[in-house]
Amino acid sequence: MKTTVLALCASVAFMLGITSCAGTKAIVVDPSSAPDSLVPVASCVQSPREGVYYSLFVRSFADSNGDGIGDFNGITKRLDYLNDGDDTTTTDLGITGLWLLPIFPSHSYHGYDVDDYYAVNPQYGTMADFEKMIAECNKRGISVILDMTCNHSSSYIEWFEKSRDPNSEYRSWYRWITDLDFSENGGPYARNQKGLSGNIWKMDLTAPWVDKNGKTAVDKTGNTVMSYYAGLFSENMPDLNMDEPKVREEYKKIFKFWLDKGVAGFRFDAAGHIYNSAEVKPGDETQSKAIAFWKEMNDYIKSVKPDAYCVSEVWENTSTRARYMAGVESNFHFDLGTRIVDIINNQEINENDPDVVETTDKSKFNGFARSLAADYSQYKKFNPDYIDAPFLSNHDQARSSSALRSKPEKMKLAADMYILAEGIPFIYYGEEIAMKSGSQDPTKRTGLVWKPDEKDRMMCTWTNDPTYGNAINIYNKKTVSVEEQNKDPNSLLNHYKRIIRVKTSHPSLLRGRLVPVGFDDPVLESYVMETSEEKSFVVHNVSASKTITSKIPEGCEMPVVYAANPGVKVEDGNLTIPPMTTVVMAKRK
């Protein structure tokens with residue numbers, strides 16, 4: 001376990017020996033500096049099912065052998081950047097979990113078309129390298145979850161190669177049809193049904209369809225009958241058939257293989273597409289089958305590792321995500337990042353527009369907190385033990401810094417707003433230093449900027465290849481590096497260090513449920529988070545220019561444990577909070 005120390009509230013103004021959440025060590029710290037400064041804190045994270053996770057693309061994090069491609073050994077060497085395992089330091093980010101984007105052998109750079117689920121990408125190192133990385137993560141209290149694709153595999157995997165034979169036992173592992181199954185021939189499927197990469201039904205050009213006797217079939221016009229497979233995302237990503245019990249059992253074996261290696265769980269890619277309505281016969285029910293599938297998989301994983309954490313990608317509206325909570329337990333909070341960016345940007349625009357009149361309708365005050373509570377209430381209907389997974393942006397989206405116009409005060413407020421929401425926040429690597437991107441996927445996954453001008457020997461430079469448009473040179477030429485931001489106490493990176501420590505040192509912020517408790521002011525967003533151990537009150541001033549002084553709601557006047565701006569004051573029951581600033585008050589019970 002890590003050695004720890006607790007940063008107390010500003011109301012205590014003398015040097016004091018204190019103990020960690022676990023009570024393992026006492027150390028001297030100045031509590032009066034805690035709300036306004038980056039100071040050591042005690043992590044109260046108890047399992048992989050809470051804390052703050054970091055989404056990491058192995059190819060782009062740290063290169064240990066100089067080939068320009070990130071690898072497991074690079075991660076191991078740079079783990080101290082993420083968490084050095086010592087709560088008495090402030091040099092690391094303080095994250096408690098890693099989500100590794102696909103690590104398996106693949107024919108693509110991104111890895112979402114898996115060639116072998118029981119091996120690692122040789123570009124990233126060996127299985128021994130991976131196991132060493134896991135061991136070092138465990139020493140630092142970092143849980144590791146793997147990106148797992150169950151909706152589809154690679155077209156190069158042995159399963160699919162064998163399934164091309166209509167008489168193979170693997171034929172039923174994928175969604176195969178023939179020309180005779182299309183609507184023009186009296187079948188149930190539309191030949192031109194669209195997916196995310198053109199037509200869903202991909203013709204298999206390796207061989208025509210043959211019957212059990214090995215005879216090539218022909219249709220009623222005498223044309224050779226061809227086979228087709230479903231590929232929602234790509235012709236190189238054939239979709240699996242989860243109605244086949246053998247496929248389900250194979251995935252359970254895969255899960256156990258990696259759990260036995262020491263991983264803490266999985267991130268399930270494309271979880272909402274397992275039973276895609278475009279790939280089944282008209283009238284077939286899909287959503288309930290998908291939810292039942294995920295419940296079966298999650299129940300199995302829990303039977304192997306009771307404290308495993310699994311989070312799913314259901315890129316849908318809130319009501320659909322809520323239904324999936326019955327099977328997946330934790331979902332990424334899609335649209336939350338956009339909501340936060342819109343609140344921050346629109347408030348700035350409105351305040352600079354003399355024709356915009358600020359609303360006086362108090363029923364519309366505290367809209368952000370109320371919208372979160374509404375989302376959570378839907379989740380709770382389907383799973384009272386749901387775990388939300390908020391984020392600003394991910395590997396499929398343009399990086400958030402561009403939308404926030406690279407303004408430090410905006411990016412800091414946005415970080416506070418999602419990290420201090422319910423559940424387990426996910427930080428997309430590079431977000432903590434305001435990395436930028438274009439709209440093409442490779443530009444969203446460029447190497448972490450460790451030092452200026454790629455001078456760090458472990459910098460990942462694979463995107464410098466003209467194939468990817470020299471993406472890192474174009475989009476991150478002006479990005480302030482990790483090295484530079486570490487030296488600046490007011491940098492975005494050091495802000496992330498502070499807010500992560502606030503999240504992980506307070507049980508109410510880790511495990512509490514959000515209850516909106518508003519001020520009598522339209523630009524203050526606020527809510528209570530509470531557990532049996534502690535109560536917290538979180539306040540965001542989303543105004544771009546207005547310092548607000550307002551009476552603290554009854555029951556919420558507690559010591560300040562975090563103030564994003566030193567101008568925050570609490571006097572005579574009133575809170576004064578500068579623009580684009582977050583305050584957290586908290587009290588142990």
Side-chain angles (χ1 to χ4, degrees), residues 106-108 110 112-115 149-157 159-168 170-211 215-244 247 268-291 293 313-317 319-320 323-324 334 396-397 439-441:
S106 173
H107 276 64
S108 69
H110 53 72
Y112 282 98
D113 45 344
V114 177
D115 294 345
T149 59
C150 299
N151 177 72
H152 53 266
S153 72
S154 161
S155 59
Y156 297 94
I157 198 171
W159 310 342
F160 185 72
E161 291 290 355
K162 290 183 176 179
S163 80
R164 292 181 187 275
D165 179 358
N167 300 311
S168 167
Y170 286 91
R171 187 70 167 186
S172 61
W173 285 40
Y174 294 86
R175 296 189 178 277
W176 284 99
I177 63 173
T178 72
D179 282 306
L180 302 179
D181 295 306
F182 288 126
S183 55
E184 66 266 26
N185 294 319
Y189 300 102
R191 184 184 294 271
N192 296 321
Q193 178 68 55
K194 299 299 181 184
L196 300 176
S197 63
N199 291 345
I200 283 181
W201 298 106
K202 317 293 187 184
M203 182 187 293
D204 180 20
L205 301 176
T206 62
W209 185 79
V210 294
D211 60 23
K215 293 183 179 179
T216 301
V218 295
D219 62 19
K220 56 188 177 183
T221 62
N223 293 320
T224 299
V225 175
M226 300 298 293
S227 291
Y228 297 77
Y229 60 90
L232 181 68
F233 291 95
S234 164
E235 64 181 0
N236 296 322
M237 298 180 182
D239 292 342
L240 288 148
N241 174 25
M242 289 306 173
D243 283 332
E244 172 53 64
V247 178
F268 293 121
D269 177 65
H273 293 295
I274 288 293
Y275 283 92
N276 193 285
S277 59
E279 299 176 0
V280 299
K281 295 178 181 179
D284 282 2
E285 206 286 324
T286 57
Q287 191 175 92
S288 62
K289 292 177 73 173
I291 293 169
F293 166 81
E313 179 193 34
V314 180
W315 199 331
E316 302 288 348
N317 56 35
S319 61
T320 299
R323 293 187 185 97
Y324 272 85
F334 282 95
D396 288 322
Q397 300 171 316
S439 59
Q440 297 299 310
D441 281 348

Inset, instruction - Measure from the side-chain N and O atoms of T149 to the backbone N and O of N151, and report whether any donor-acceptor pair falls under 3.5 Å. - result: no
Legend entry - Under the side chain to side chain donor-acceptor pair (under 3.5 Å) test, residues paired with N185 that sit two or more places apart: none
Legend entry - Reference residue S153; test side chain to side chain donor-acceptor pair (under 3.5 Å); the match among Y174, Y112, W159: Y174
Inset, instruction - List for me each residue that meets side-chain contact (heavy atoms from CB on, under 4.5 Å) alongside N192, sequence neighbours excluded, and say none if there are none. - result: N199
Legend entry - Donor-acceptor pair, side chain of D284 and main chain of S277, under 3.5 angstrom: no
Legend entry - With sequence neighbours excluded, residues passing ring pair (Phe, Tyr, Trp, His ring centres under 6.0 Å) with Y228: F182
Legend entry - Pair F268-I274, side-chain contact (heavy atoms from CB on, under 4.5 Å): steps then yes or no: CA-CA 10 Å; F268 293 121; I274 288 293; over 6 Å; no
Legend entry - Sequence neighbours excluded, every pair satisfying salt bridge (charged side-chain N to carboxylate O under 4.0 Å, His left out) that has a member inside residues 224-238: none
Legend entry - Under the side-chain contact (heavy atoms from CB on, under 4.5 Å) test, residues paired with A278 that sit two or more places apart: Q193, I200, N276
Legend entry - Gap between atom CZ of R175 and atom CG of L240 - 0.5 Å precision: 9.0 Å
Legend entry - Results of side chain to side chain donor-acceptor pair (under 3.5 Å) for R323 - residues two or more places apart only: none
Inset, instruction - Tell me, yes or no, whether the heavy-atom count around Q440 atom CD, taken from other residues, nucleotides or ligands under 6.0 Å, exceeds 12. - result: no
Legend entry - Partners passing side-chain contact (heavy atoms from CB on, under 4.5 Å) against S108 (at least two apart in sequence or in another chain): S106, H110, D113
Inset, instruction - Start with the C-alpha gap between S154 and N236, add the side-chain angles, then the distance that decides, and say whether side-chain contact (heavy atoms from CB on, under 4.5 Å) holds. - result: CA-CA 6 Å; S154 161; N236 296 322; 6.0 Å; no
Legend entry - S197 side chain to F233 backbone, donor-acceptor under 3.5 Å: yes
Legend entry - Worked verdict on V114 versus H152 for side-chain contact (heavy atoms from CB on, under 4.5 Å): CA-CA 8 Å; V114 177; H152 53 266; over 6 Å; no
Inset, instruction - Check side chain to side chain donor-acceptor pair (under 3.5 Å) between E279 and all other residues, then give those that pass, not counting sequence neighbours. - result: none
Legend entry - Listed partners of S172 passing side chain to side chain donor-acceptor pair (under 3.5 Å), at least two apart: E244
Legend entry - Residue pair G231 / K202: nearest heavy atoms and the distance that separates them: O-CE, 3.2 Å
Legend entry - Heavy-atom closest pair, residues T178 and V225: CB-CG1, 3.6 Å
Inset, instruction - List the atom of P238, the atom of S155, and the distance in Å for their closest heavy-atom pair. - result: CD-N, 3.6 Å
Inset, instruction - Please answer whether the main-chain N or O of S163 pairs with a side-chain N or O of R171 as donor and acceptor at a distance below 3.5 Å. - result: yes
Legend entry - Which residues share a salt bridge (Lys or Arg N to Asp or Glu O under 4.0 Å) with D243, sequence neighbours left out: K289
Inset, instruction - Look up atom CD1 in I157 and atom CH2 in W173, then write down how far apart they are to the nearest 0.5 Å. - result: 8.5 Å
Inset, instruction - Check whether any side-chain heavy atom of Y170 lies under 4.5 Å from a side-chain heavy atom of R164, and answer yes or no. - result: no
Legend entry - Under 3.5 Å: donor-acceptor pair, side chain of Y275, backbone of M242: yes
Legend entry - T286 and V280, any side-chain heavy atoms less than 4.5 Å apart: yes
Inset, instruction - For E285 and S288, indicate whether the former's side chain and the latter's backbone hold a donor-acceptor pair under 3.5 Å. - result: yes
Legend entry - Counterpart residues, side-chain contact (heavy atoms from CB on, under 4.5 Å), relative to T224 (two or more places apart): P208, T216, M226
Inset, instruction - Give the intermediate values and the outcome of side-chain contact (heavy atoms from CB on, under 4.5 Å) for residues Y324 and E316. - result: CA-CA 10 Å; Y324 272 85; E316 302 288 348; 5.8 Å; no
Inset, instruction - Return the set of residues passing ring pair (Phe, Tyr, Trp, His ring centres under 6.0 Å) with W176 (not counting sequence neighbours), or none when no residue passes. - result: F160, Y229
